[in-house]
There are 2 protein chains.
Amino acid sequence: MPTDATPRPTIYDVAQRAGVSKSLVSLVLRDAPHVSEARRDAVLAAIDELGYRPSRAASALASQRTRTVGVLIDDFHNPWFVELLAGLRSVLDPAGYTASVADLALETASGRKPVDGFLAQHVDAIVIAADLAPGTLERVGVPIVVAGLRELGARDAGRAVDVVAGDDELGGRLATEHLLRLGHTRVAHLAGHSGPGDARRRGYESAMLAAGLEPITTGGGATTEAAGYSAACALLEAHPHVTGIVAANDVMAVGALAALRERGLSVPADVSVVGHDDSPLAAYRYLALTSVDGHSADVGAAAARALLRRLDSPDAPAHRELLALDLVVRGSTAPPPT
Amino acid sequence: MPTDATPRPTIYDVAQRAGVSKSLVSLVLRDAPHVSEARRDAVLAAIDELGYRPSRAASALASQRTRTVGVLIDDFHNPWFVELLAGLRSVLDPAGYTASVADLALETASGRKPVDGFLAQHVDAIVIAADLAPGTLERVGVPIVVAGLRELGARDAGRAVDVVAGDDELGGRLATEHLLRLGHTRVAHLAGHSGPGDARRRGYESAMLAAGLEPITTGGGATTEAAGYSAACALLEAHPHVTGIVAANDVMAVGALAALRERGLSVPADVSVVGHDDSPLAAYRYLALTSVDGHSADVGAAAARALLRRLDSPDAPAHRELLALDLVVRGSTAPPPT
């Protein structure tokens with residue numbers, strides 16, 4: 001289903017170029033007898049010159065696999081997707097598929113439906129690694145696999161959609177329990193509003209409640225560095241005795257580091273900070289963030305396998321796979337000050 | 001020129017399916033007389049079932065624009081490309097083109113030629129924003145525009161290739177002159193080996209020499225955070241009295257921050273650090289890197305405009321455009337300790 005702006009030549013264009021009627025073009029296409037050699041040649045020449053393809057040939061062509069998989073991520077600024085993509089490719093490459101990446105932030109800035117570009121490229125399938133507006137996937141006629149917990153139900157696509165994700169609720173719990181085990185009791189959460197963000201908050205809250213502690217949640221909007229900074233400023237204003245912060249992701253955690261430093265608080269001596277995603281950022285020595293490893297590469301590889309299965313069996317029942325996560329402890333967490 | 005793994009059906013496949021000779025398929029394709037209706041029908045049915053397209057139709061089809069532009073970046077881990085891509089899209093989107101992004105790091109990990117994926121997608125043109133091995137662009141039959149200073153001469157592609165880049169040599173000079181004006185005299189460079197990296201080093205060296213100072217350059221390999229850390233460790237070992245560091249890019253600068261902190265040196269009180277790219281990283285409050293703004297968005301927009309011109313005039317002479325850069329001063333630079 002090409003959506004590009006170059007109009008495909010129609011049977012009328014062929015008729016006009018050949019100087020014959022549309023009916024005669026149809027006769028030639030149907031290989032009907034009783035068409036003069038001259039007029040048949042004129043039609044065939046026009047078909048060739050215009051690159052016209054009759055609709056059956058066009059649909060046969062459209063059904064040919066391009067061996068390209070579209071990967072829709074949320075935002076290139078958020079580096080968690082780098083490992084996801086590596087995992088996707090570790091499976092797609094040997095299978096002969098190329099990944100084509102686009103990001104929701106820029107795609108929606110242009111006012112187009114975020115998947116239109118992929119459809120124009122005739123991708124064979126799409127991996128959704130972003131939160132989409134309801135209805136975005138309606139009438140997308142290729143298999144879809146969702147990577148990560150998204151605000152996207154299988155029902156949105158009107159058919160079976162596989163979901164492969166890290167268990168983000170477990171991740172939120174692991175981050176919180178790490179701080180509780182270190183002896184922290186005043187632990188707050190910088191929430192981000194997204195599919196994974198909501199699950200992480202539930203994990204944080206359940207770990208706090210299980211320990212008989214009151215959850216303190218701020219933020220809950222964007223998941224950027226700026227949002228992390230603002231949420232941490234609000235938190236430290238309202239709860240100056242907090243000693244532990246669980247951020248919804250690594251960039252928000254980096255925002256919190258700045259808010260803490262501005263108030264003269266050391267990390268981890270005064271306040272411990274845990275990120276989420278174990279992005280390249282978390283591993284930078286200068287940041288050294290303790291972070292929940294979302295095993296994005298494993299999620300990517302599992303999503304790619306689900307996608308290859310789905311290409312083979314378009315009508316198989318929807319499949320949902322949650323991968324266990326674990327925590328990478330670095331320099332941003334320590335016991336609370338005594 | 002499809003390079004995907006699904007073999008396109010050949011005339012032999014059609015002949016086999018129809019139970020006729022290849023010559024008879026040719027006769028039907030040439031619309032020759034004296035072919036029985038039954039055998040003609042068998043051949044046409046086989047052509048339809050297999051989705052076979054004779055080569056002239058195939059080339060007519062291949063000449064149709066897909067309105068997709070491949071963008072080859074070096075590494076998703078290095079966030080400078082985010083703005084480049086935004087700039088590219090600000091011009092490509094209104095022109096009806098979709099950008100498809102791939103990165104050299106992962107593409108070469110898979111052992112394929114980095115542009116093969118784009119050719120399989122039938123992109124209309126390619127933007128190269130990565131350093132490529134010589135010969136990579138041979139036989140790439142679509143227009144190419146190079147974004148950034150690359151180790152790629154126009155000659156590599158065997159034809160006119162437009163280059164649009166920030167003036168990285170000017171950038172290296174601006175970063176160095178900023179430190180010299182603040183009063184630093186012992187200023188070192190953490191070099192990265194790449195097209196832009198080489199230009200930045202030349203800029204640093206020329207500014208030092210113009211001020212009558214001896215250049216001190218370390219590094220010169222990879223441009224990663226780890227490479228920046230190692231280069232800074234080596235530098236501080238050999239030149240412990242350095243008070244200013246000009247890094248080849250922002251991630252290397254972040255590596256240097258860690259090396260300085262490990263030695264108990266404060267930024268900027270003891271040592272000033274300048275990055276390059278003004279990436280999202282540099283703007284994170286916790287890092288607050290003074291950095292050369294490469295105006296990547298402007299480079300991207302200019303590259304996209306060059307590409308649209310090249311699509312219109314494939315034979316126009318090669319065009320080279322260097323954009324002026326400037327410095328964004330943040331918290332990582334100050335006068336040297338007294």
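Chain naming here is simple, since letters A, B, ... match the order of the sequence lines and numbering starts at 1 in each. Hydrogens, waters and symmetry mates play no part in the numbers below; they use all other heavy atoms, side chains included.
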Problem - Distance-only donor-acceptor check, side chains A:T68 and A:S100, under 3.5 Å - result: no
Practice task
Report yes or no: does B:S90 contribute a side-chain atom to a donor-acceptor pair with the main-chain N or O of B:A301 at less than 3.5 Å?
Solution key: no
Exercise for the section: Against chain A, label B:A288 side chain, backbone, both or neither, depending on which of its atoms sit under 4.5 Å from a heavy atom there. Expected result: neither
Practice task
Give a yes or no on whether the backbone of B:R285 and the side-chain of A:R261 come within a donor-acceptor separation of less than 3.5 Å.
Solution key: yes
Handout entry: Part of A:A259 lying under 4.5 Å from any heavy atom of chain B
Key = neither
Exercise for the section: Select one option (side chain, backbone, both, neither) describing which atoms of A:E262 are under 4.5 Å from chain B's heavy atoms. Expected result: neither
Exercise for the section: Check whether any side-chain heavy atom of A:R330 lies under 4.5 Å from a side-chain heavy atom of A:D278, and answer yes or no. Expected result: yes
Handout entry: Atom group of A:L281 that falls short of 4.5 Å from chain B, counting heavy atoms
Key = side chain
